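The structure under discussion appears below in the form of structure tokens.
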Protein chains: 2
Amino acid sequence: MSYEELVFDVFARNCTSRPVMDTVAGRWGILSMAALLGGTHRFNELRRRVDGVSEKMLSQTLHALERDGLVLRTVQSTIPPRVEYSLTDTGRRIATKLMELIDLVESEMPGISAAQARYDAL
Amino acid sequence: MSYEELVFDVFARNCTSRPVMDTVAGRWGILSMAALLGGTHRFNELRRRVDGVSEKMLSQTLHALERDGLVLRTVQSTIPPRVEYSLTDTGRRIATKLMELIDLVESEMPGISAAQARYDAL
DNA sequence: CGGTATCCGAGTTGATACTG
DNA sequence: CAGTATCAACTCGGATACCG
């Protein structure tokens, strides 16, 4: 099936999948989902794992992923509270594909020579 | 190989691949690369295909992808000028993976129930 | 045609402080 | 611990004008 035949056309401005793609494929969405591939994690574990994310962005990202049915949030109302995040079945399928993308990009880095220069310029 | 063993760790704040991931996985990066999977395209063809992108963002995205060695830009100095964009080998491998991600997300949409609500709220 | 340059408002991001 | 609230900075994205 070539991409021209898709019924739900991502190329269309109003495609339903666009908001989902924006969350999933965004910088923190990718890294959060990839981190959860390693298993269930608590909020601050994720925060340490996903280096550089702010509390606000992690919270926002996780809530969006939960609304989309990709991440499951489990609360234990103890003191101190314990909140655990894990992937749903759908989430795990998507996270696996994201991990493949990450692995591919990293393996292709030698062919992405200018990347370091762009990074340095920041 | 589990993701914990990666030498170039995407989870690290200063990982070289992050700027590349940001471009590739960004909204317009994904759609531009996916569009180019269909073959070589001219600027305005891409602009029409990637519905909703402005000239500025498309230009910016294509230049970033070119710098990263994922997209090839070919100029024919005729009048009117003809500029064609195509994928490099590295670009094609990554674009193929992106297309798999798009297809997967679209096929999983039934399990992403809240997505439409989020879209409507915009 | 295929852009670049500039402006500007709106939205996003992140550091910090604070809460239950 | 697990966030929310707030605010300042920054970026995005569109509109417009112009160039080769």
Side-chain angles (χ1 to χ4, degrees), chain A residues 11-15 18-32 35-36 40-67 71-86 118-119 121-122, chain B residues 11-14 18-32 35-36 40-67 71-86 118-122:
Chain A
F11 293 109
R13 181 192 307 248
N14 60 349
C15 177
R18 276 212 186 171
V20 180
M21 288 298 296
D22 288 349
T23 303
V24 164
R27 181 193 302 186
W28 305 128
I30 292 181
L31 294 178
S32 300
L36 288 174
T40 297
H41 286 295
R42 301 176 64 173
F43 187 82
N44 280 325
E45 286 174 350
L46 283 172
R47 185 151 153 52
R48 282 186 292 272
R49 182 86 183 115
V50 182
D51 192 21
V53 71
S54 66
E55 294 184 346
K56 181 179 153 186
M57 292 314 298
L58 182 57
S59 175
Q60 208 171 96
T61 302
L62 289 171
H63 280 302
L65 292 173
E66 188 191 10
R67 274 197 303 275
V71 159
L72 196 65
R73 182 169 176 273
T74 314
V75 184
Q76 294 171 37
S77 301
T78 54
I79 294 177
R82 184 182 184 87
V83 182
E84 296 185 327
Y85 294 90
S86 56
R118 287 177 59 211
Y119 181 75
L122 294 182
Chain B
F11 293 108
R13 181 193 306 250
N14 59 349
R18 275 211 187 172
V20 181
M21 288 298 296
D22 287 350
T23 304
V24 164
R27 180 191 303 187
W28 305 127
I30 292 181
L31 294 178
S32 300
L36 288 173
T40 297
H41 286 296
R42 301 177 64 173
F43 186 83
N44 281 324
E45 285 174 351
L46 283 172
R47 186 151 153 52
R48 281 187 291 274
R49 180 85 183 119
V50 182
D51 193 19
V53 70
S54 66
E55 291 184 350
K56 182 178 153 185
M57 292 315 296
L58 181 58
S59 174
Q60 211 171 92
T61 302
L62 290 171
H63 280 299
L65 292 173
E66 188 192 10
R67 275 197 302 275
V71 159
L72 196 66
R73 183 169 176 273
T74 314
V75 185
Q76 294 170 37
S77 301
T78 54
I79 294 177
R82 183 180 185 89
V83 182
E84 294 183 328
Y85 294 90
S86 56
R118 286 177 58 212
Y119 181 75
D120 290 342
L122 294 181

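Bear in mind the structure is a predicted one, so any value in this text is a computation, not a measurement. So that the names make sense, note that chain A is the first sequence line, chain B the second, and so on, each numbered from 1.
No engagement by B/R47 is indicated, since no non-hydrogen atom pair under 4.0 Å with the nucleic acid exists.
Atoms CD (A/Q76) and P (D/dG3) sit 12 Å apart, rounded to a whole Å. For the pair B/R48 CZ and C/dC1 C1', the interatomic distance rounds to 11 Å; values are reported in whole Å. Here the P atom of nucleotide D/dC12 and the CG atom of B/L58 are 15 Å apart, to the nearest Å. Look at CG on B/N44: it is 14 Å from C1' on C/dT4, rounded to the nearest Å. We find that CD of B/E66 is positioned 10 Å from P of C/dT4, with the value rounded to whole Å. Protein atom CD1 of B/I79 is 16 Å distant from nucleotide atom P of C/dG3, rounded to whole Å. Following rounding to the nearest Å, B/R13 (CZ) and C/dA15 (P) show an atom-to-atom distance of 7 Å.
Phosphate contact (OP1/OP2 of C/dT4, side-chain N/O of B/H63, threshold under 4.0 Å): present. Proximity of A/Y85 to the phosphate of D/dC1: no side-chain N or O atom is located under 4.0 Å from OP1 or OP2. For B/R42 and C/dG2, the shortest distance from a side-chain N or O to OP1 or OP2 is below 4.0 Å. Contact between the side-chain N/O atoms of A/R73 and the OP1/OP2 oxygens of D/dG3 is found at a separation under 4.0 Å. At the phosphate of C/dG2, neither OP1 nor OP2 sits under 4.0 Å from any side-chain N or O atom of B/S59.
Annotation: the span from A/Y85 atom OH to A/E66 atom CD amounts to 7.0 Å, rounded to 0.5 Å. To the nearest 0.5 Å, atoms CD (A/E45) and CG (A/L36) are separated by 10.0 Å.
Across the interface with DNA chain C, nearest-nucleotide mapping of A/E55 and A/P81 shows A/E55 to be the residue nearer the 5′ end.
Between the A/S59 side chain and the A/E55 main chain, no donor and acceptor come within less than 3.5 Å of each other. Side-chain N or O atoms of B/R18 include one that pairs as donor or acceptor with a backbone N or O of B/F11 at under 3.5 Å. Side-chain N or O atoms of B/R13 include none that pairs as donor or acceptor with a backbone N or O of A/V50 at under 3.5 Å.
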5' to 3', nucleotides 6-14 of chain C under a 4.0 Å protein heavy-atom cut-off (B base, S sugar-phosphate only, - none) gives -B-----BB
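Residues A/L46 and A/L62 meet the side-chain proximity criterion, which asks for heavy atoms closer than 4.5 Å.
In plain terms, the two heavy atoms of A/L58 and A/S32 that are nearest each other are CD1-OG, 3.8 Å.
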